[in-house]
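Okay, so here's the structure we're looking at.
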Amino acid sequence: MKIQTAGKLLILCSLGCVLPAQLIADDMTEARMKRAMSAAPESISRQATIMDSDGTVLREGSNGWTCMPDTMPGDNAPMCNDAVWMKMMHAVMSKAEFETDRIGISYMLQGDIGAGVSNATPYHPDPKNAEDYTEAGPHLMIIVPKEMLKGLTDDPSSGGPYVMWGDTPYAHIMVPVSESE
């Protein structure tokens, strides 16, 4: 009789310990999905695939967009990308060449304050201490064929669109959509 009771307690304790951990994990996943979706207008994020920083798909989408809770793991700078932008992100992560013959769009409506980068290169060893460190409030990023960047400034303080990573295969236009805080 005592052995049966001890066994039942062990099972209940095991369930009690597992269930709260699972609930916490579910809450964290829900929060990450919500943050990912905040990067773009709801008309885009509502049907977008949600992908975590490690590449895990948290939700399959149906509109060709991918939203992520972080641009780089742990930076809390959510973004939503079309297929062209996702190809560019994969190229950046693997340091591969990238070239496009079409427009690609990425939304970062939460900005990247606190998680900025070097405006010249995605590979700066210490971007927060780079001479050209930049952070942006809410913005769009647009990839175009490189010849279309001619004549645009690369100065983030110009008050309008500017080119980021201009001398790399990952050059794109940063388009502020509201003032940085």
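Side chain to side chain, D70 and S53 meet the donor-acceptor criterion of an N or O pair below 3.5 Å. Residues S118 and D132 have side chains that bring a donor and an acceptor to within less than 3.5 angstrom of each other. For the residue pair D155 and S157, a side-chain donor N or O sits within less than 3.5 Å of a side-chain acceptor on the partner.
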Under the side chain to side chain contact (heavy atoms under 4.5 Å, CB included) criterion, do I173 and L152 qualify, and how do the steps go? CA-CA 9 Å; I173 304 167; L152 287 173; 3.6 Å; yes
Audit row: I50, W65, side chain to side chain contact (heavy atoms under 4.5 Å, CB included) steps and yes/no: CA-CA 9 Å; I50 307 297; W65 288 82; over 6 Å; no
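Looking only at distances, no side-chain donor or acceptor of D75 sits under 3.5 Å from a matching main-chain atom of A115. Looking at E135, its side chain does come within 3.5 Å of a backbone N or O of G114 through a donor-acceptor pair. For the pair T56 (side chain) and D52 (backbone), a donor-acceptor distance under 3.5 Å is absent. Counting only distance, with no hydrogens or angles, the side chain of Q110 and the backbone of A77 share no donor-acceptor pair below 3.5 Å. Using a distance-only test at 3.5 Å, with no hydrogens or angles considered, no donor-acceptor pair links the side chain of D154 to the main chain of G166. The backbone N or O of P122 lies less than 3.5 Å from no partner atom in the side chain of H124, so there is not a single donor-acceptor pair. Between the H139 side chain and the G137 main chain, a donor and an acceptor come within less than 3.5 Å of each other.
In this structure, L109 CG and L140 CG are separated by 6.5 Å, a value rounded to the nearest 0.5 Å. Here the OH-OG1 distance, from Y162 to T153, works out to 10.5 Å after rounding to the nearest 0.5 Å. To the nearest 0.5 Å, the span separating CZ on R35 from CZ on R32 amounts to 5.0 Å. Between atom CH2 of residue W165 and atom CG of residue L149 there is a gap of 13.5 Å, rounded to the nearest 0.5 Å. Rounding to the nearest 0.5 Å places CZ of R102 at 10.0 Å from CG of D82. Taken to the nearest 0.5 Å, the CD1 atom of I143 stands 4.0 Å off from the CE atom of M88.
Heavy atoms from other residues, nucleotides or ligands lying under 6.0 Å from CG of D54 number more than 12. The 12-atom threshold is exceeded at NZ of K146, counting heavy atoms of other residues, nucleotides or ligands nearer than 6.0 Å.
Follow the hydrophobic side-chain contacts under 4.5 Å out from M72 and you reach M141 in the same cluster. Following chains of ILVMFWY side-chain contacts shorter than 4.5 Å, one can reach V92 starting from M164, so the two form part of one hydrophobic cluster. Side-chain heavy atoms closer than 4.5 Å link hydrophobic residues (I, L, V, M, F, W, Y) into clusters, and following such links, even through other members, never connects V144 to M89.
A cation-pi arrangement is present between K95 and Y123 under the rule of less than 6.0 angstrom and at most 45 degrees off the ring axis.
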